[in-house]
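Data block below; observations after.
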Amino acid sequence: MSDLTRMSAAALAAALRGGDVSSVEVTRAHLDRIQAVDPQVHAFLHVDGDGALEQAAAADERRAGGEDGALLGVPIAVKDILVTRGMPTTCGSKILHGWVPPYDASVVTSLRAAGMPLLGKTNMDEFAMGSSTEHSAYGPTRNPWDLHRIPGGSGGGSSAAVTAFEAPLAIGTDTGGSIRQPGAVTGTVGVKPTYGGVSRYGLVALASSLDQAGPVARTVLDAALLHDVIAGHDLMDSTSIDVQWPSMAAAAQVSDVDGLRVGVVKELGGEGYQRGVRDRFDEAVRLLVGAGADVVEVSCPHFEYALAAYYLILPSEASSNLAKFDAMRYGLRVLPDDVAAPSAEQVMAATREAGLGDEVKRRIILGTFALSSGYYDAYYGQAQKVRTLISQDFAAAFEQVDVLMSPTAPTTAFKIGEKLDDPLAMYLNDIATIPANLAGVPGLSLPSGLADEDGLPTGVQILAPALEDARLYRVAAALEAMLHERWGGPLLDRAPELDAAA
Amino acid sequence: MAEPAASSGAGHAMTRDEVARLAQLARIDLSDAELDHLAPQLAVIIESVAVVSSVAADEVPGTSHPLPVRNVFRRDVVRPSLAPEEVLAGAPEVEQSRFSVPRILGEEA
């Protein structure tokens, strides 16, 4: 085994199955890699070396005992918004600094049951509010393609971890694009499953009607293998869908687009999208046509208003969900300076001032406004109607085509600091990914190449009707195979080597 | 940094006083500097999202959730739960196996 950290999760699983390598060796290799490069990348907020090696040894024992799970012994990194028993969970916020949850999220329970050692927790925008991971209270994560640029957000820690070969797989969460947009700007694969496909139990809620956890990986098949591990009905989440999901990994191995009807979304492209992003998207579409797909342009007229609706619905739900950070039962408690015997309310207000960052304050206040008496109908109520119109656009589009396509993000990775204090410019990064969250449909981002003008990764997004997640993998695997052939290998082969200074 | 001024043409102009009032409702103390910083940014955002009011007609029903939400029940049987010390482990202050909190009533009460 030359370099275990360069191998795909599928290849690692095969090597583990063949007895060529142990999970302890694989896990140790990734921990070493984290130690070598994470001081530059800062993908992790917490690394659990001892725990991961213990879990790896247990996975090796299970395999020796005759067990053969698809990813048994393959290590993984988890976004710090999923609670982990015995491991700190901060959501990138000072208000949860040092908090160690007493229970596991259902996704984490699934990972443990599958025998996947947990390497640690990945960095993120505070409470998943952001598109660059710069809003983490613990400092930004850097894009391994260019350490002066952002790795996307909110799940920039997870995308950077797989890009920098610190983990073969990671878990992300996607409320408006936080898995897919980081995938696009780092040249990796990210999938937002159908809403309800993966349990939200133990996922610290940002916007409950939009949040969805999903796979972060370097290949389509790896994402599919992970999707199979985390998907499924959970009694602990009342919005979890009770269906028998088909194997995503099997779908990723079908890889056939002959006769597939593909709709290019008219409203998600053109003006406002960087030249290189558009060029790589057009190339990907031509490859699909060459492989027998039937491509048409489809109009979804209300997508134009998705961003506005989203920035009313999300802050409204967030302002309510984050009310639980009240300084009483867990997390930070700060007493106001100038009050002798402060009330609970005064302590809560002082704690939230000290413990929450700018973007979180902005959105809580925005949500409080949208839900306040006198404005509710004009803002929140109207946004909910727009949400209906967007779902209707999807329904009409999926009567004509099997999948929809667009660029994942309008630009390549921008420089750290460039948009930090211009909230609206930051929000525009999610313009193509938000409609899927509003309608609950699944979406996948696949690397589409490098933009000519800056040499940075671009992504294409594939969207399917609700419950048709497997279709995403079938199409993405076919496109990935054609792109790899064109490039002569995976895109990440062209990423600069990180200086592994120890 | 350059901050765009709030437009008076939009449906609602977010003033500094309004932000202070909302922050109080949301239980977040904001310093004068923070109010100066956040108010114009919020004004721009609200002006931008106000476009929703012109899109949907009255007869369009609202969507609160991407899938139909239904009530979910489980069997009413005893099952394991967290021990009190686990629940209290992350609390800022604990007293006699309980969360210790500041006074919840006004001083005159």
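Here is how names work: the chains are called A, B, and so on, in the same order as the sequence lines, proteins then strands, and each is numbered from 1. Quick caveat: nothing in here was measured; it's all calculated off a predicted structure.
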Given a strict heavy-atom distance threshold of 4.5 Å, which part of [X] is in contact with chain B: side chain, backbone, both, or neither?
{"X": "Y427(A)", "result": "side chain"}
{"X": "A327(A)", "result": "backbone"}
{"X": "V100(A)", "result": "neither"}
{"X": "D326(A)", "result": "neither"}
{"X": "A350(A)", "result": "both"}
{"X": "I390(A)", "result": "neither"}
{"X": "A309(A)", "result": "both"}
{"X": "P342(A)", "result": "backbone"}
{"X": "S319(A)", "result": "neither"}

Between [options], which residue shows the highest count of heavy-atom pairs closer than 4.5 Å to chain A?
{"options": "L82(B), L25(B), V19(B), V94(B)", "result": "L82(B)"}
{"options": "V69(B), V72(B), V60(B)", "result": "V60(B)"}
{"options": "L88(B), I45(B), V51(B)", "result": "I45(B)"}

Check the pair I28(B) / M348(A) against side-chain contact (heavy atoms from CB on, under 4.5 Å), numbers first and verdict last. CA-CA 7 Å; I28(B) 303 175; M348(A) 180 176 175; over 6 Å; no
Any side-chain donor-acceptor pair under 3.5 Å between D421(A) and Q41(B)?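 Result is yes, a qualifying pair exists.
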Under the criterion side-chain contact (heavy atoms from CB on, under 4.5 Å), I'd like the reasoning laid out for F369(A) against L42(B): C-alpha separation, chi angles, the key distance, then a yes or no. CA-CA 10 Å; F369(A) 168 74; L42(B) 286 164; over 6 Å; no
Indicate yes or no for a side-chain donor-acceptor contact from S343(A) to the backbone of R103(B) under 3.5 Å, with no hydrogens or angles considered.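 No, the answer is negative, given that no donor and acceptor are paired below the 3.5 Å cut-off.
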So does D58(B) get a backbone contact from the side chain of K385(A), meaning a donor-acceptor N/O pair under 3.5 Å?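 Flag set: sc K385(A) to bb D58(B) pair under 3.5 Å.
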Go through the structure and list residues passing side-chain hydrogen bond (donor to acceptor under 3.5 Å, both in side chains) with T109(A), not counting sequence neighbours.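 Not a single residue meets the side-chain hydrogen bond (donor to acceptor under 3.5 Å, both in side chains) criterion with T109(A).
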Should S31(B) and E353(A) be marked as a side-chain contact (heavy atoms from CB on, under 4.5 Å) after you check the CA-CA gap, both sets of side-chain angles, and the distance that decides it? CA-CA 9 Å; S31(B) 65; E353(A) 174 178 33; 4.0 Å; yes
Nearest-0.5 Å distance, [atom1] of residue [X] to [atom2] of residue [Y]:
{"X": "S48(B)", "Y": "L307(A)", "atom1": "OG", "atom2": "CG", "value": "6.5 Å"}
{"X": "I365(A)", "Y": "Q24(B)", "atom1": "CD1", "atom2": "CD", "value": "11.5 Å"}
{"X": "Y375(A)", "Y": "E18(B)", "atom1": "OH", "atom2": "CD", "value": "5.0 Å"}

Under 6.0 Å from the NE2 atom of H97(A), do we count more than 12 heavy atoms belonging to anything else shown?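 Open.
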Smallest separation among heavy atoms of [X] and [Y], with atom names:
{"X": "P61(B)", "Y": "T388(A)", "result": "O-OG1, 2.6 Å"}
{"X": "P66(B)", "Y": "S209(A)", "result": "CD-O, 3.3 Å"}
{"X": "K361(A)", "Y": "L38(B)", "result": "CB-CD1, 4.3 Å"}

Pair M328(A), F99(B) - check side-chain contact (heavy atoms from CB on, under 4.5 Å), show working. CA-CA 7 Å; M328(A) 301 301 138; F99(B) 294 108; 5.9 Å; no
Heavy-atom proximity to chain A below 4.5 Å, by part of A26(B):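 Both backbone and side chain.
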Flag the pair V55(B) / H302(A) as yes when at least one side-chain heavy-atom distance between them is below 4.5 Å, and no otherwise.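 V55(B) reaches H302(A) side chain to side chain.
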Kindly indicate, with the supporting measurements, whether the criterion salt bridge (charged side-chain N to carboxylate O under 4.0 Å, His left out) is fulfilled by R85(A) and E86(B). CA-CA 10 Å; R85(A) 188 181 169 87; E86(B) 289 180 295; 2.7 Å; yes
